[in-house]
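This report refers to the structure that appears directly beneath it.
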Protein chains: 2
Amino acid sequence: MNTKYAEYEQPSITVDLVIFTVNNEMLKVLLTKRAEAPFEGGWSLPGGFLFKGESLEAAALRVLKEKAGVPNVYLEQLYTFGKPNRDPRTRVITVAYFALIPWENLNQPESTKITDLKWPDVSQAPRLAFDHKEILNTAVQRLRAKMNYSNIVYGLLPEQFTLSDLQKMYEIILGSTFDKRNFRKRMLASGLLQETGKKHALGAHRPAMLYQFKKMEITFLN
Amino acid sequence: MNTKYAEYEQPSITVDLVIFTVNNEMLKVLLTKRAEAPFEGGWSLPGGFLFKGESLEAAALRVLKEKAGVPNVYLEQLYTFGKPNRDPRTRVITVAYFALIPWENLNQPESTKITDLKWPDVSQAPRLAFDHKEILNTAVQRLRAKMNYSNIVYGLLPEQFTLSDLQKMYEIILGSTFDKRNFRKRMLASGLLQETGKKHALGAHRPAMLYQFKKMEITFLN
DNA sequence: CCAAAAGTGTTATTGATACACCCATGC
DNA sequence: GCATGGGTGTATCAATAACACTTTTGG
């Protein structure tokens with residue numbers, strides 16, 4: 001078995017990123033306006049072709065830096081999409097990743113040619129090029145699932161946050177509300193949080209205790 | 001952005017399959033002996049190059065039929081492995097799938113050139129070619145995780161089975177034992193099983209009721 | 001009657017849910 | 001002093017875990 005036969009596919013490979021953030025009480029996803037055909041002028045997930053000798057993860061981090069200006073984020077391989085005609089030009093297989101970035105950490109992207117970026121609410125994303133809507137849906141599903149059995153929310157919060165911030169994240173992403181007392185009990189019982197001793201005062205009300213996640217990898221709860 | 005630049009990778013694509021079955025109280029995985037370089041004579045996961053115009057899933061099903069002689073099984077995309085030097089010949093990206101087959105359903109593979117197949121216990125698999133050990137480990141992890149929150153065990157059992165068969169599957173795969181009464185209570189309470197009314201008599205003991213899964217997709221419990 | 005696997009209920013513990021008021025601060 | 005969000009406890013219910021004996025069959 002080798003590649004000398006013409007019958008074997010040698011497709012181009014892209015990585016496409018579903019980059020989430022939360023701002024203004026909504027889950028947002030980064031989209032780029034396409035400068036070239038196909039789907040010129042349409043919106044798509046940020047992505048790029050895999051370079052020679054580049055690992056998939058390195059390509060994902062490269063795109064992340066180009067488009068979101070952030071190298072250090074939660075990044076996870078999502079799924080590989082490879083239907084033969086998903087790109088009208090030629091065979092292109094894409095390895096999709098999803099990333100989480102706290103809104104506060106977003107920077108201007110370094111790339112100059114990408115001027116058209118936007119962060120729509122996930123629920124109001126426009127039509128997307130290729131099969132990117134399917135990729136987006138897959139990512140949203142995965143994010144929601146992981147909220148329930150991991151501390152992945154870590155990737156969306158700043159270093160320090162209040163329990164109200166944390167609860168709001170869950171409510172925004174899962175689209176449901178929680179009882180404040182039960183929520184706090186559960187979070188504190190998980191053992192993943194630690195008090196910082198600092199208090200956060202903003203606005204005309206009682207200042208809230210700031211917490212941070214203990215330094216550890218993503219953990220699966222239950 | 002297109003493929004006219006030499007800097008973009010156009011790798012060969014393979015699909016590799018982690019095909020599990022349970023027999024003789026052990027979780028087994030299908031391996032093939034490599035007939036060609038690299039790693040000639042060594043063991044690897046069954047796999048094959050992606051054909052022109054073929055979808056990834058179609059390629060996975062093709063390999064499944066060639067190597068395990070079975071087209072109808074539980075099949076799920078696992079992960080895509082693409083480190084630049086994972087294949088010593090050239091850049092090869094592999095999309096790994098994992099499959100579950102009830103031991104009873106296994107047939108002789110159609111392929112004639114593949115004479116060297118074996119089904120070692122997962123815990124006693126030999127050294128594997130490429131990064132296949134990593135792929136295998138990833139698959140085992142995923143299988144174990146899914147046992148806990150889905151009815152994926154469906155893929156390893158024959159149409160009809162006893163509650164003891166079911167419990168044994170869980171115990172073999174998860175490597176732990178369960179209390180019989182609690183296990184049966186949980187399974188029956190899940191609502192996914194139905195009695196067939198038939199009884200299974202084999203050996204000198206009381207015959208057991210046969211159950212089957214209700215016709216439905218893979219379901220996530222809890 | 002013996003060996004082997006099937007089948008069955010109750011209690012204790014743990015985790016999840018429902019629910020309402022006082023506190024600290026800025027203006 | 002009032003508006004705003006922060007912070008707290010208890011009672012009920014549901015799910016899980018621990019635990020041992022009787023039943024049916026073949027030989």
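In what follows, every heavy atom counts, from backbone to side chain, and hydrogens, waters and symmetry copies are set aside. Chain A is the first sequence line, chain B the second, and so forth, proteins listed ahead of strands; every chain is numbered from 1.
One interatomic measurement links the two molecules: CG of B/L188 to P of C/dA6, which rounds to 14 Å at whole-angstrom precision. Between the P atom of C/dG7 and the CG atom of B/L193 lies a distance of 13 Å, rounded to the nearest Å. Across the protein-nucleic acid pair, A/N182 atom CG and D/dA11 atom C1' stand 12 Å apart, rounded to whole Å. Here C/dA16 presents its C1' atom at 13 Å from CZ of A/F178, a figure rounded to the nearest Å. Rounding to whole angstrom units, CG of residue B/L202 and P of D/dG27 are separated by 10 Å. The separation between B/H205 atom NE2 and C/dA5 atom C1' is 5 Å, rounded to whole Å. The interatomic distance linking B/E25 (CD) with C/dA5 (P) rounds to 10 Å, in whole Å. The CZ atom of A/R206 sits 5 Å away from the C1' atom of D/dG6 (whole-angstrom rounding).
For C/dA6, its base sits under 3.5 Å from the side chain of B/K180 at one donor and acceptor pair at least. Counting distance only, with no hydrogens placed and no angle test, the side-chain atoms of A/K185 and the base atoms of D/dT10 include a donor-acceptor pair under 3.5 Å.
With respect to B/K214 and B/E195, no salt bridge is recorded, no charged nitrogen being found less than 4.0 Å from a carboxylate O. Using a 4.0 Å cut-off between charged nitrogen and carboxylate oxygen, B/K83 and A/E57 do not count as a salt-bridge pair.
The side chain of B/A204 lies closest to D/dG27 when the candidates are D/dC19, D/dG6, D/dG27. Here D/dC19 is the nucleotide among D/dG6, D/dC19, C/dA5 with the atom lying nearest to any side-chain atom of B/D179. Among the nucleotides C/dA24, C/dG9, D/dG6, the one closest to the side chain of A/P207 is C/dA24. With C/dG26, C/dT8, D/dT25 as the candidates, the nucleotide lying closest to the side chain of B/R184 is C/dT8. Residue B/M209 places its side chain closer to C/dG7 than to any other of C/dA24, C/dA18, C/dG7. Comparing D/dA20, D/dG7, D/dT23 by their closest approach to the side chain of B/R181 singles out D/dA20.
The aromatic ring centroids of B/Y74 and B/Y97 lie 6.0 Å or more from each other.
In this structure, A/S164 reaches the D/dG6 phosphate: one of its side-chain N or O atoms is under 4.0 Å from OP1 or OP2.
Listed for the B/T21 side chain is no donor-acceptor partner under 3.5 Å among the backbone atoms of B/K28. For the pair A/K133 (side chain) and A/P126 (backbone), a donor-acceptor distance under 3.5 Å is present.
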